[in-house]
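Shown next, in structure tokens, is the structure this report addresses.
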Amino acid sequence: MRRAVCPGSFDPITNGHLDIIARASRLYDEVYVAVMINKSKKGLFEVEERIDLIRGETADFGNVRVEAFHGLLVDFCKQREIPAIVKGLRAVSDFDYELQMAQMNNGLSGVETLFVPTNPTYSFLSSSLVKEVAAWGGDVSHLVPTAVLAALGERLRKA
């Protein structure tokens with residue numbers, strides 16, 4: 001079985017993330033979405049909320065599993081016999097950092113990283129940007145799935 005992982009914080013998941021996950025799900029038999037737990041950083045959404053939103057958006061793919069992870073991504077991969085990491089690249093600036101991570105991960109465990117160019121529609125998109133625009137009342141409805149938009153609106157009203 002061909003397995004890959006799409007890692008990230010997904011706080012919240014965007015249409016750009018979903019595009020990469022969908023493309024990976026067509027290339028691999030099983031795709032894990034690994035939601036990073038960073039205890040030193042306070043996210044807008046709790047990890048379980050992110051997982052629920054991602055599961056809701058990827059349910060129709062049929063071959064996507066969503067799990068939290070803490071620690072080294074290569075350990076997550078080893079535990080699940082995942083030989084490949086799939087990462088979307090938005091710009092050259094992403095490549096510099098991601099190449100270093102890919103080389104480190106490969107050196108630590110032999111896990112390969114595949115870079116997928118982001119759909120140009122989403123080349124500027126990040127979770128941070130979505131949160132900032134939404135917090136100022138901007139329209140992000142074309143950048144996130146409907147369920148995420150609703151959760152984002154509710155969370156920001158409470159903040």
Side-chain angles (χ1 to χ4, degrees), residues 1-59 61-134 140 143-145 148 151-152:
M1 180 172 287
R2 295 170 304 144
R3 290 186 179 100
V5 62
C6 294
S9 58
F10 305 105
D11 186 35
I13 192 162
T14 68
N15 289 340
H17 293 131
L18 286 171
D19 177 61
I20 298 298
I21 295 165
R23 291 160 67 192
S25 77
R26 291 191 296 271
L27 297 171
Y28 290 92
D29 299 318
E30 193 168 45
V31 174
Y32 284 77
V33 176
V35 180
M36 182 179 69
I37 298 171
N38 185 345
K39 294 181 181 180
S40 65
K41 190 175 173 183
K42 177 66 177 145
L44 183 62
F45 293 97
E46 297 296 326
V47 171
E48 283 304 319
E49 292 173 305
R50 294 182 226 167
I51 288 171
D52 289 344
L53 287 167
I54 297 166
R55 283 183 178 150
E57 295 303 324
T58 60
F61 297 159
N63 64 339
V64 173
R65 299 176 66 166
V66 186
E67 295 182 15
F69 89 93
H70 181 269
L72 294 175
L73 181 59
V74 293
D75 291 338
F76 181 92
C77 292
K78 275 192 246 178
Q79 292 164 0
R80 292 157 185 82
E81 298 180 357
I82 299 171
I85 300 165
V86 176
K87 297 288 290 195
L89 293 178
R90 294 172 293 194
V92 173
S93 56
D94 285 348
F95 181 74
D96 288 338
Y97 173 76
E98 294 297 347
L99 179 62
Q100 290 175 22
M101 292 300 297
Q103 290 170 334
M104 178 62 78
N105 288 336
N106 185 265
L108 288 171
S109 68
V111 172
E112 296 290 349
T113 300
L114 288 96
F115 297 121
V116 178
T118 299
N119 180 322
T121 303
Y122 308 121
S123 64
F124 64 93
L125 187 54
S126 70
S127 295
S128 298
L129 189 57
V130 165
K131 289 185 288 194
E132 185 174 345
V133 170
V140 295
L143 305 176
V144 296
V148 173
L152 190 57

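Start at 1 with the first residue, then count along the sequence. Just so it is clear, the structure is predicted and the values come from calculations on it, not from any experiment.
- Distance alone, capped at 3.5 Å, places no donor-acceptor pair between the R3 side chain and the Y32 backbone.
- At a threshold of 4.5 Å between non-hydrogen side-chain atoms, the residues F10 and I51 do not count as touching.
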Working for side-chain contact (heavy atoms from CB on, under 4.5 Å), residues V116 and D19: CA-CA 10 Å; V116 178; D19 177 61; over 6 Å; no

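- The two residues T121 and F124 have their closest heavy-atom pair at O-CE2, 3.3 Å.
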Derivation and outcome, side-chain hydrogen bond (donor to acceptor under 3.5 Å, both in side chains), residues Y28 and R2: CA-CA 5 Å; Y28 290 92; R2 295 170 304 144; over 6 Å; no

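- In this structure, CG on N15 lies 8.0 Å from CD on E57, to the nearest 0.5 angstrom.
- The structure places CG of N105 at 10.5 Å from CD of E112, a figure rounded to the nearest 0.5 Å.
- Taking CG of L27 as the reference point, atom CG of L114 lies at 8.5 Å (rounded to 0.5 Å).
- Of all heavy-atom pairs between I82 and V5, the closest is CG2-N, 3.7 Å.
- Remark: side-chain polar atoms of R65 are not paired, donor with acceptor, to backbone N or O of E30 under 3.5 angstrom.
- Panel note: side chain T58, backbone F61; no donor-acceptor pair is recorded below 3.5 Å.
- Between the CE atom of M104 and the OG atom of S109 there is a distance of 11.0 Å, given to the nearest 0.5 Å.
- For the atom pair CG (L99) and CZ (F115), the distance works out to 5.5 Å, reported to the nearest 0.5 Å.
- Minimum interatomic distance between C6 and A24 (heavy atoms only, all atoms of both residues): SG-CB, 4.0 Å.
- The closest donor-acceptor contact from the side chain of R90 to the backbone of Y122 lies at 3.5 Å or more, if one exists at all.
- K131 has a carboxylate O that lies under 4.0 Å from a charged side-chain N of D11, or vice versa, which qualifies the two as a salt bridge.
- Here CG of N119 is found 6.5 Å from CZ of R23. Values are rounded to the nearest 0.5 Å.
- In this structure, S25 and N63 approach most closely via the heavy-atom pair O-ND2, 2.9 Å.
- Between the side chain of S127 and the backbone N or O of P12, at least one donor-acceptor pair lies under 3.5 Å.
- Among V148, L125, I20, V140, the one residue that satisfies the side chain to side chain contact (heavy atoms under 4.5 Å, CB included) test with T14 is L125.
- Here the closest non-hydrogen pair linking C77 and V111 is CB-CG2, 3.9 Å.
- Side-chain contact between D75 and K78: present, with at least one pair of heavy atoms (C-beta onward) separated by less than 4.5 Å.
- Using a 4.5 Å heavy-atom threshold, the side chains of L89 and E98 count as touching.
- Between F76 and F69, the ring-plane angle classifies as tilted under the 30° and 60° cut-offs.
- We find that R80 and E67 are joined by a salt bridge, their nearest charged nitrogen and carboxylate oxygen being less than 4.0 Å apart.
- Between N38 and S9 there is no side-chain heavy-atom pair separated by less than 4.5 Å.
- When every heavy atom of G88 is checked against every heavy atom of T118, the shortest pair comes out as C-OG1, 4.0 Å.
- Two residues are said to be in side-chain contact when any heavy atoms from C-beta on lie closer than 4.5 Å; L44 and L152 meet this criterion.
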